[in-house]
Undergrad: 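Quick one: the structure is below, questions incoming.
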Amino acid sequence: MTKTKFLELINFLQKNHKVYGPVLDRANRLLVREIKKTEHLVLDGRLTHYSFKNLFLPDCEPLFDYDHQKLKEPNYSYEKRAIVGMTISDLKALELYDQVFAKDPYYQERKRQTLVIGYGIASKKSYSEELIYVQQFEENILEHIKFDIFLELNSDKTDKIFNGSNLIFVGSEEGMKVLDGFGYKNYDKIEYVGPIKEEGLDRTMMAINDKMKKSYTKKIWENIGKRCIECGQCTLVCPTCYCFRIDDEPSLDRSKGKRVRCWDACMYHEFSEISGKTRLLKNTEQRMWFWFYHKFVRIPEKYKIPGCVKCGRCSRVCPVDIDFMKVLQDVLKS
Amino acid sequence: MLNPYQTKLVVIKRVIKESSDVKRFVLEFENNVDKENFNFIPGQFIKVSIPGLGDAPFSFGTSPRIKENFEIAVRAVGNLTNFLNRMQIGQRLGLRGPYGNGFPMDIIKKRNVLIVSGGCGFVPFKSIIDDYLIDRKNYHGKFQIFYGARSFDDLLFSSNFEKWENNKIDLKLMVDKEDNMCKDSQYKCNVGLVTELIKNEDLVEKPVVLVCGPPIMVKFVILELDKLSIPHSDIFVSLERRMECGIGVCEHCAIGPYYVCKDGPVFAWDKIEWIPNII
Ligand SMILES: Cc1cc2nc3c(=O)[nH]c(=O)nc-3n(C[C@H](O)[C@H](O)[C@H](O)COP(=O)(O)OP(=O)(O)OC[C@H]3O[C@@H](n4cnc5c(N)ncnc54)[C@H](O)[C@@H]3O)c2cc1C
Ligand code: SF4
Ligand code: SF4
């Protein structure tokens, strides 16, 4: 599929979907926004600054309108959307939300109304630092991620990534219906076979899991605990950070209001606070360990999929230059 | 799809003052179907919702065999609990749950049981004791209780103590400071920490030990039990953590690989003792 054709597909979708995808802001950061004009869409192989999680798990969403003791689900209708430009790592995170929020009616309804169009660059050539996370085009990877439509770009030139041979895959009925409606037949069907490859979970991930469970290497956690300033940026950009708080927001008439679910961050002091200002995660060192333990032990043990999709967004935003991949190396060596 | 955050309505049937800052509430479902479908295990908890203030976890304080209503006991420590403790008979509350695993009742029914508790941590044990009183034929061991609080007034459920003793429960009380109320009571006022009871009293033979109370108490109780070489797999601790969702998703109550709201709040000590800063 040529670039022109792909943008025509976006135009076609815009007729009855709100289309979201990566666009550049003034500071030259890639952000996920509604695409009003297709020429704004940027698919150049770079990861978006924030992940796509906000579109699936909004940073604050009303769970209920309350009136005295009664809780009523807000009756807004979920918009029909198409989300374009999710990379393989973003799609892996989506698989995790599917499992974590399997019984969450808000997430499920939102997801049901969403057409997911992923993309990736399959190239033999190694790209610059910034692009390396997007690639991960491991063999048969498409069978292990869920999407409706996937655009595979085959190009060796970062500035002309649409110029190679581009392939289109469909991963769902819905994706197929859309392409049929659009009048494009030249696609391949991919059968989703589950998130895990035959050889099991990623070996490095398993090794980290094992190390984290076997020992608490104080030196590592103390060291990053001293450096981290608890700004929470890493949790904000990380696609696999999904923890939340539930808060009530009363209106002027205090018997009415909203019960909302908002993102939280385990890097914040209040995260583990119970009455009497007791904090069960007492310091930065403990909170750091908690963060890693979630990604590398709790998630893989509970959901049997990796808790880190190796997008590298965390290291990229950290103001004190904590290199999370380096921390993992240290854990492996410990 | 069922909404896991939706609440069911209960009516406050009675309010009983248990101490200067704790009240006991008798709650009954408004809807009969809710009432019939409601089951729980001692040690599980519910989340009580007060729109405007959020929801908070509380343990059951009565036997699951009583179907008509159930009780919670609430210490006023913050926003929601202070509001709750000002509520009156006839007012309604929303709740969701029950959540958590509860105590290992099959083990408890077979063995000698030692309960060690401090302050509000005693509430879930009241559920076990009530159940024992109703269903004694199915409990095959002895019951021993070491219960401590700041003062005699702070000991919850004191109106039940006599009944417990009449039913062969070995009850030992401990207060931080001796006061007149304690002196005037029919009970021996041991003064000090609840751990001293473990040191000074004869324990029931080969007990399964159930512990719930402030973290610092739990820590010293375990040190004391260690001196008696009680296996850690025979010690069950009920933990308190911050909880938002109650269903193992929000991450607030996570400890190592577990979720206190789902895998707990009751854990065999050998399963969790290795977790850094667990208590
Ligand atoms: C499994 C379990 C069983 C409990 N059983 C009882 C009981 O039987 N009787 C009793 O009096 N107390 C019990 N508690 C403690 C009780 O839940 C807290 O005292 C209560 O949540 C405090 O709420 P607050 O709004 O009054 O306090 P504030 O200090 O005003 O607010 C505390 C904030 O933290 C949140 N929070 C979430 N979880 C907790 C928590 N565990 N402790 C404190 N704050 C929390 C609250 O919702 C609130 O947003 C139990 C706690 C747990 C985890
Ligand atoms: S690389 Fe960092 S930001 Fe990306 S998934 Fe892993 S922990 Fe999260
Ligand atoms: S981005 Fe860096 S400094 Fe900020 S909370 Fe994360 S690790 Fe700490």
Side-chain angles (χ1 to χ4, degrees), chain A residues 63-73 100-106 108-109 212-214 216 218 221 241-251 254-259 261 264 266 270-276 278-283 285-286 289-291 293-294 297-298 301-302, chain B residues 1-11 30 47 49-57 75-82 91-96 120 214-216 239-260 262-263 274-279:
Chain A
L63 297 181
F64 299 108
D65 290 322
Y66 62 77
D67 184 350
H68 294 87
Q69 281 298 333
K70 286 232 160 79
L71 307 178
K72 210 165 109 273
E73 276 179 43
V100 177
F101 295 93
K103 293 189 181 141
D104 190 86
Y106 307 91
Q108 290 299 333
E109 187 52 28
M212 292 281 304
K213 272 196 323 203
K214 281 207 181 110
Y216 180 88
K218 189 156 170 66
W221 310 113
C241 275
Y242 52 75
C243 76
F244 58 83
R245 260 186 359 252
I246 299 174
D247 289 334
D248 285 358
E249 294 175 350
S251 59
R254 295 192 68 80
S255 56
K256 292 184 183 148
K258 286 185 192 318
R259 179 160 288 179
R261 168 165 69 185
D264 206 349
C266 61
E270 308 77 31
F271 184 84
S272 65
E273 191 171 295
I274 59 170
S275 46
T278 309
R279 288 170 184 165
L280 293 144
L281 298 167
K282 295 184 189 69
N283 50 40
E285 172 188 333
Q286 289 180 17
W289 178 80
F290 183 93
W291 192 85
Y293 214 88
H294 181 218
V297 183
R298 281 199 293 279
E301 308 237 308
K302 194 164 166 196
Chain B
M1 186 175 274
L2 228 61
N3 190 320
Y5 302 107
Q6 183 55 275
T7 55
K8 299 195 163 89
L9 293 178
V10 291
V11 183
E30 202 168 59
K47 289 212 87 182
S49 150
I50 299 184
L53 298 169
D55 56 15
R75 162 161 288 148
V77 291
N79 296 336
L80 185 142
T81 46
N82 270 298
Q91 285 188 291
R92 299 190 300 177
L93 288 171
L95 64 84
R96 54 194 181 92
C120 239
I216 185 85
L239 293 179
E240 180 174 359
R241 283 295 183 277
R242 186 182 186 120
M243 288 171 187
E244 297 286 326
C245 72
I247 49 176
V249 182
C250 77
E251 289 299 315
H252 284 264
C253 74
I255 51 164
Y258 306 118
Y259 293 94
V260 174
K262 233 182 144 171
D263 306 311
W274 60 272
I275 299 172
N277 308 295
I278 185 71
I279 44 169

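All values below were derived from every heavy atom in this structure, side-chain atoms included, with hydrogens, water molecules and symmetry-related copies excluded. Remember, predicted model here, so these are calculated numbers, not experimental data.
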Undergrad: When only pairs under 4.5 Å are counted, which of Asp67(A), Leu281(A), Asp104(A) shares the most heavy-atom pairs with chain B?
TA: Asp104(A)
Undergrad: Quick one: does Arg298(A)'s side chain have a donor or acceptor within less than 3.5 Å of a partner on Gly256(B)'s backbone?
TA: yes
Undergrad: Against chain A, label Ile275(B) side chain, backbone, both or neither, depending on which of its atoms sit under 4.5 Å from a heavy atom there.
TA: side chain
Undergrad: Using non-hydrogen atoms and a 4.5 Å limit, figure out which bit of Lys258(A) sits close to chain B: side chain, backbone, both or neither.
TA: neither
Undergrad: Is it the side chain or the backbone of Gln91(B) that comes within 4.5 Å of chain A heavy atoms, both, or neither?
TA: neither
Undergrad: Could you tell me the separation between the CG atom of Asp248(A) and the CG atom of Asp55(B), rounded to the nearest 0.5 Å?
TA: 7.5 Å
Undergrad: Taking every non-hydrogen pair under 4.5 Å, which of Asn3(B), Leu9(B), Ile279(B), Val77(B) racks up the most with chain A?
TA: Asn3(B)
Undergrad: Under a 4.5 Å heavy-atom cutoff, which of Met243(B), Arg92(B), Arg241(B) has the most pairs with chain A?
TA: Arg241(B)
Undergrad: Should Pro51(B) and Gln69(A) count as side-chain neighbours, where that means a heavy-atom distance under 4.5 Å?
TA: yes
Undergrad: So what's closer than 4.5 Å to chain B heavy atoms on Val297(A): side chain, backbone, both or neither?
TA: side chain
Undergrad: Between Gly78(B), Ala56(B), Gly52(B), who has the most heavy-atom pairs with chain A when the cutoff is under 4.5 Å?
TA: Gly52(B)
Undergrad: Should Arg259(A) and Ser49(B) be marked as a side-chain hydrogen bond (donor to acceptor under 3.5 Å, both in side chains) after you check the CA-CA gap, both sets of side-chain angles, and the distance that decides it?
TA: CA-CA 11 Å; Arg259(A) 179 160 288 179; Ser49(B) 150; 3.1 Å; yes
Undergrad: With distance as the sole test, does Gln6(B) use its side chain to make a donor-acceptor pair with the main-chain N or O of Leu71(A) at under 3.5 Å?
TA: yes
Undergrad: What residue, out of Arg245(A), Lys282(A), Glu301(A), has the most heavy-atom pairs lying under 4.5 Å from chain B?
TA: Arg245(A)
Undergrad: So which residue, Phe271(A), Tyr66(A), Tyr106(A), Phe290(A), ends up with the most heavy-atom pairs under 4.5 Å with chain B?
TA: Phe271(A)
